[in-house]
Amino acid sequence: MRNNNCGSGKINGYFYVTTPIYYVNDKPHIGHAYSTVIADSIARFKRLSGYSVFFLTGTDEHGLKIEKEADLRGATPKGLADSVHIKFKELFSELNISYDRFIRTTDADHIRTVQTAFKKLLENGDVYLSEYEGWYCTPCETFLTEKSLMEGKCPQCGRQAVKVKEESYFLKLDKYEKKLLDYIAGNPGFIKPDFRKNEVLSFVNEGLKNLSISRTSFKWGIPVPGDDKHVIYVWFDALLNYLTGIGYEDFIAGKNPDFMHFFKSVNHIVGKDILKFHAVYWPIMLFALGIEPPKTVMAHGWWLTDGRKMSKSLGNVVDPVSLINKFGPDALRYYLLSEITLGLDGDFNIDNFVVRYNSGLANDLGNLVSRTAAMLNKYTGGAVPGADVPEDAAVLKTAYRILGGLDAGYDDYDFAKILEDIFRFINTLNKYINDSAPWKLNIEDPEEKTVLLKILKTAAVSIYHISYLIYPFMPETSKKINGIFNIKPFDSAGFSVRPEDTAAHCSELFKDGCRISEKAEILFPRIKFEE
Ligand code: ME8
């Protein structure tokens, strides 16, 4: 686990962010990278802002779908999970995902947590034994009503549903229907974006049927305590990872005072495909356990290829690892976060990816940093002009306006807009440099020297702020820029700067003429289209 304390010493609050835990039936694709990068960006921003952050991700390893895939591969389900979960870890490491814990549903503390929760609900009467007769979609691990089938197929993934009839434990959903509707009405920030709320409301308003939460026809799952011919339904098991991850066991033993602080602040990042599980079943499980539902469930849209949802089972997936190898992690992070407004779908198109890379990253950002570094080296021997040289306040105003809006922008998950603002600022600065043409000034002339130093100082201070602003989205690039300017990375241990403190921090760093590297690394080499 990472140490997530912030450098400023004083904690601004708690922030808990989670991704879905991913099935281990196949290696990860762009969709999994997407949810995880969203969570990582907000975790990084909250850490910068002085919050004590806990960021949880991991893998969902039980259930019939995994058992079947393991059979097909001639492996055991645990063997399959052991090998595939590594692929997720490798991807997250390449993408610089700053999670605090990678949970696996086969972890011993999770198994105990699920059994404890199950027992608690059985004892308080919210879970009872009966018989399930109905339809099931194995790829989606979802129970379906006859009415919802489309010619016998699952309405979500279009695959054949199967008829199931078996003894099962049920969770009482009907008992909590009214409470859930009240919670949704009373907490406008619970479901984001707002337009998804109606979907959830119309599902609940149709009347909730009690949920089957155990199976007897296969073995790969957590046994029901005291009745081990049943395994616990994979979604009941998976959702509880959000409690295990922050130490539910210690909490119920009275030993984890932070548990509630974190849980009250939780933001679940999910795809729109699994909103119902998070905004209906999960809050009801929590009501039954005596815990307040999540603060926010943020449902993002889908990455499509040629208009169809990208998914492992449809075989039309884009491999994030090959993109990272070719373009670097931040190019992928940038594209995923800036190309679509969170909540909406977007088509993944490699030509568009290359165009965006070359224009936004190589031309606008990369050039700005390399030309500024080159000018500093040429005119001042690499020293950023110190406290005696003022920066151009009119240029910096844009940066301060963006900083002032960050809290609200992040709360709305308006990442594409934040990035658009940052890149507009980058272009303003490029234009400022072009228009003021420092290369035409004569450093030997005292008056022209004053102007020249002011331009260089303005560019350096602006680049510090750009590095700060892009840090949550493109941490590696931010770190490289800080390296060029000899500034500690924004995520160094014991170091964090709140948005309102950047100006003072920057002045302090540059006051004595901070010296930059002699040779600035090219941040984003241009890609030729044919490549
Ligand atoms: O549903 N576009 O796991 P999963 C965008 N184990 N995001 C996508 C995507 C796409 N084309 N495809 C997948 C499960 N995702 C359960 C979750 S949580 C307690 C249990 C992302 O491996 C998106 O976040 O099928 C989606 O919700 C998730 O991956 C589904 O991953």
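Computed from a prediction, not measured in an experiment: that's the story for all the values here. Reckoned from all heavy atoms, side chains included, excluding hydrogens, waters and symmetry mates. Just follow the structure's listing: the first ligand is 1, and inside any ligand the first atom is 1.
For ligand 1, the atoms sitting less than 4.0 Å from at least one non-hydrogen atom of H29 are 9 (C), 12 (N), 13 (C), numbered in the order shown with element in parentheses. Of all the atoms in ligand 1, the ones that sit under 4.0 Å from a non-hydrogen atom of G31 are 2 (N), 5 (C), 7 (N), 8 (C), 9 (C), 10 (C), 15 (N), 21 (C). Listed by number with element, the atoms of ligand 1 under 4.0 Å from a non-hydrogen atom of A238 are 19 (C). Within ligand 1, the atoms closer than 4.0 Å to a non-hydrogen atom of Y242 are 18 (S), 19 (C), numbered from 1 in the order shown. Set against the non-hydrogen atoms of H300, the atoms of ligand 1 under 4.0 Å away are 5 (C), 7 (N), 23 (C), 24 (O).
In summary, E249 and R112 engage in a salt bridge, as defined by a charged side-chain N under 4.0 Å from a carboxylate O. The pair K192-D414 does not meet the salt-bridge criterion, since no charged nitrogen lies less than 4.0 angstrom from a carboxylate oxygen.
F88 and F92 have perpendicular rings, their planes meeting at more than 60° on a 0 to 90° scale where under 30° would count as parallel. Between F236 and F118, the two ring planes are perpendicular [angle over 60°; tilted spans 30° to 60°]. Using cut-offs of 30° and 60° for the angle between ring planes, the F277 and W235 rings count as parallel. Between Y132 and F170, the ring planes lie tilted relative to each other; the angle falls in the 30° to 60° range.
Polar contact check, G271 against ligand 1: a nitrogen or oxygen pair lies under 3.5 Å apart. Looking at ligand 1, you won't find any N or O of H278 less than 3.5 Å from one of its N or O atoms. For ligand 1, the polar-atom distance check finds an N/O of D60 within less than 3.5 Å of one of the ligand's N/O atoms.
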Quick one: side chains of residues 278-285, donor-acceptor pairs under 3.5 Å with protein atoms, not counting sequence neighbours, listed by atom name and distance.
residue: H278; atom: ND1; partner: I274; partner atom: O; Å: 3.0
residue: H278; atom: NE2; partner: Y242; partner atom: OH; Å: 2.7
residue: W282; atom: NE1; partner: H268; partner atom: NE2; Å: 3.0

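Contact annotation: for S35 versus ligand 1, heavy atoms closer than 4.0 Å belong to the side chain alone.
Assignment of F277 to the shell around ligand 1 is not supported, since no heavy atom sits closer than 4.0 Å. Using a 4.0 Å cutoff on heavy atoms, E141 does not count as a contact of ligand 1. Heavy atoms of K272 come nearer than 4.0 angstrom to ligand 1 in no pair at all. Heavy atoms of G301 approach ligand 1 to within less than 4.0 angstrom. At least one heavy atom of W235 sits closer than 4.0 Å to an atom of ligand 1.
Annotation: side chain to side chain contact (heavy atoms under 4.5 Å, CB included) contacts of K78 (sequence neighbours excluded): T76, D82, R104, T106, W220.
Evaluated by nearest non-hydrogen atom to atom 22 (O) of ligand 1, the leading choice among W282, Y23, Y34 is Y23. Summarising the contacts of atom 27 (O) of ligand 1 with L304, D273, V270, the nearest heavy atom is found in D273.
W302 carries K272 over the face of its six-membered ring, with the cationic atom under 6.0 Å from the centre and within 45° of the normal.
Applying the ring pair (Phe, Tyr, Trp, His ring centres under 6.0 Å) test between F251 and each of F262, F263, F259 identifies F259 as the sole match.
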